[in-house]
Amino acid sequence: MIEAVSSGTPDGAEAVPVPASPRSVVSLRDVTKRFSNGTLALSRMTMDIRKGEFVSLLGPSGCGKSTALRIIAGLGRASQGMVDWPASRIGRDGRPDADIGFVFQEPTLMPWKPVFDNAFLPLRLKGMGKGEVRDRVMGALETVGLKDFAKAYPRELSGGMRMRVSIARALVTDPKLLLMDEPFGALDEITRQKLNDDVLRLWSEKDLTVVFVTHSVFEAAYLSSRIAVMGARPGRVVADMLLPRPEGRERDEGFRSSDTYADLCRTVSQALVHAIAAPAAEDA
Amino acid sequence: MDMAIEPASTDETPGLGRSRLLRVAVPAIMLGLTLLAWEVYVRVNAVPPYILPAPSLVAQTLVKDWGTLYPALLVTLRITFSALILALIGGTLLAVLLVQSKWVELALYPYAVILQVTPIVAIAPLILVYVSSTQAAIMICAFLVAFFPILSNMVQGLKSVDHNLLNLYDLYGASRWQQLRLLKLPAALPYFMTGLKIGGGLSLIAAVVAEFAAGSAGAGSGLAFRLLEAQYRLNIPRLFAALVLLSATGVAIFALTSVVAWLSLRRWHESALAREN
Ligand SMILES: Nc1ncnc2c1ncn2[C@@H]1O[C@H](COP(=O)(O)OP(=O)(O)OP(=O)(O)O)[C@@H](O)[C@H]1O
Ligand SMILES: [Mg+2]
């Protein structure tokens, strides 16, 4: 069921046998990030994200998951190494023309704008008028179940609803690549499970590629088609596991209580324990 | 029948109505009592009006001297509000300029600070020398005083934008102008409102102080001059009447700026929202 594909293999990306869609959306090559205060957040991280994958970045706190995600999104520059977009053109500002949706760890909404305007923002920044894309924005809100709250202000919503607005905003441009940074970290278990299912549904319906940062072994095992376990100090990918899903992309309550899921969680958990124990020198 | 109606009327509403009534009634009654005590004190002790006029005499004077006081009030109001509006525009524009680059800020901020920390009464004579129109000079003084709190609040506000929101705008390739108009300026609005409230009060104070310094006379003089004039002539009731007008103006400016702040922030900012748990 689970293949541990590359563990400490240099240049792991080429060695991975990829069954479904071999086309990389984005690939990191030896990406190193050192902050101005000297912290080495990422060290020679190499990874390919392929079209249609649901990749979870799993790792202990402070191992550089957010840093890696921001670099993928072009929000931070790598100190060394490169981020390649094989399938997209790179614009004048150094950004790929690939549509990226980004969901931050916090909802990150503009409190002075109602829900509709918050979700409309990415289109507005691209110069589109409110009238011409009203249906599109309402569609995105409907996807996350907030159609009736279009006129509400973020203050008037619960934490989970705000997070869903933020997801609707990320989806409104119909991105090909969705980057999510611990989006459900602060939510209760029930809401979290519901949003997990929502994201999975979107992933299968819209043919998204998702990179999902999480702390939670259970969440990673439930959602992913692939889990990259990261080690800390310095941050790098320690284990890269493919989780083939022959039964299709669906997950449900039945799966949550199945033995398959329990096994999966145990394996992932062991990989994480191994990752935390792994000496950093191994990579150097 | 009675029983059926009871529950509806014991709802929260009457209690709420009563508390709202009390909110207005308590300060109003308190004010009335103070004035009454003042009136009684003056009459019982037969205090001469040139020492302390009774409230009733002040009110009469206000009506009697309205022809002199009203034009002066208009002058003071015009100076105060034009100074405030100029300070709002100037403070905001300069703040936007300052946050564009660290170098611009380093180069310009010291001047703003120097202008602010130098007492206005000390600059007023100089401005009066340079500017031939007294009213314009007074307005410049009021502007200088109101300008700084607006500037420093706006600079702070424009810099306090959530970094993740800035990242979001970057991600979607927002232009600098879009970032300023759609993100930084709205995010700075609560700070702008603080600047407005402080600046509104200060511009009135500065308009009065500058007019004291100018000591101008004639048709174009404001309330401060009428106040000084009444003092020279020992017309204490009129002095009190001018004082009442100045206080009322201050209260009105405070109320106006508070309402503006509340209206613009009530839907989203903590400062204007009732805490509901
Ligand atoms: N702006 C910064 N300046 C300096 N060091 C930073 C900065 N941001 C992150 N770091 C450091 O880089 C390392 C990785 O941080 P990062 O936020 O990527 O961790 P993370 O894996 O996302 O952790 P968490 O799961 O707790 O969110 C940490 O050691 C952190 O101290
Ligand atoms: Mg993080």
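Just the heavy atoms: all of them, side chains too, but no hydrogens, waters or symmetry mates, feed the values below. Order of the sequence lines fixes the chain letters, A, B, ..., with proteins taken first and strands second; residue numbering starts at 1 for each chain.
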Minimum heavy-atom separation for A:Ile100 to B:Leu171, with atom names? O-CD2, 4.4 Å
What's the spacing between B:Leu165 CG and A:Thr108 OG1 if we round to 0.5 Å? 6.0 Å
B:Leu182 versus chain A, the contacting section by heavy-atom distance below 4.5 Å: both
How close do B:Tyr172 and A:Leu125 get, heavy atom to heavy atom, and via which atoms? CB-CD1, 3.8 Å
So for atom CD, which belongs to B:Gln100, do other residues, nucleotides or ligands contribute more than 12 heavy atoms lying within a distance under 6.0 Å? yes
A:Met110, A:Lys113, A:Lys126: which one forms the most heavy-atom pairs within less than 4.5 Å of chain B? A:Met110
Would you check, one step at a time, whether the test side chain to side chain contact (heavy atoms under 4.5 Å, CB included) holds for A:Leu121 with B:Tyr169? CA-CA 9 Å; A:Leu121 178 77; B:Tyr169 273 66; 3.2 Å; yes
Quick check: under 4.5 Å, non-hydrogen atoms only, which of residues 149-158 of chain B neighbour chain A? none
If I take atom OH from residue A:Tyr153 and atom CH2 from residue B:Trp268, how far apart are they, to the nearest 0.5 angstrom? 10.5 Å
Is A:Leu109 in contact with chain B via its backbone, its side chain, both, or neither, using a 4.5 Å heavy-atom distance? backbone
So, the part of A:Phe102 with a heavy atom under 4.5 Å from chain B: the answer is both
Does NZ belonging to A:Lys194 count more than 12 external heavy atoms closer than 6.0 Å? yes
Highest number of heavy-atom pairs under 4.5 Å with chain A among B:Ser175, B:Ala174, B:Pro186 belongs to B:Pro186
Between A:Arg124 and B:Gln178, which heavy-atom pair has the shortest distance, and what is it? O-NE2, 3.9 Å
Quick check on A:Phe149: does its CZ atom have over 12 non-hydrogen neighbours (other residues, nucleotides or ligands) under 6.0 Å away? no
For a 4.5 angstrom cut-off between non-hydrogen side-chain atoms, does B:Leu168 reach A:Arg169? yes
Quick one: what part of B:Asp162 sits under 4.5 Å from any heavy atom of chain A, side chain, backbone, both or neither? side chain
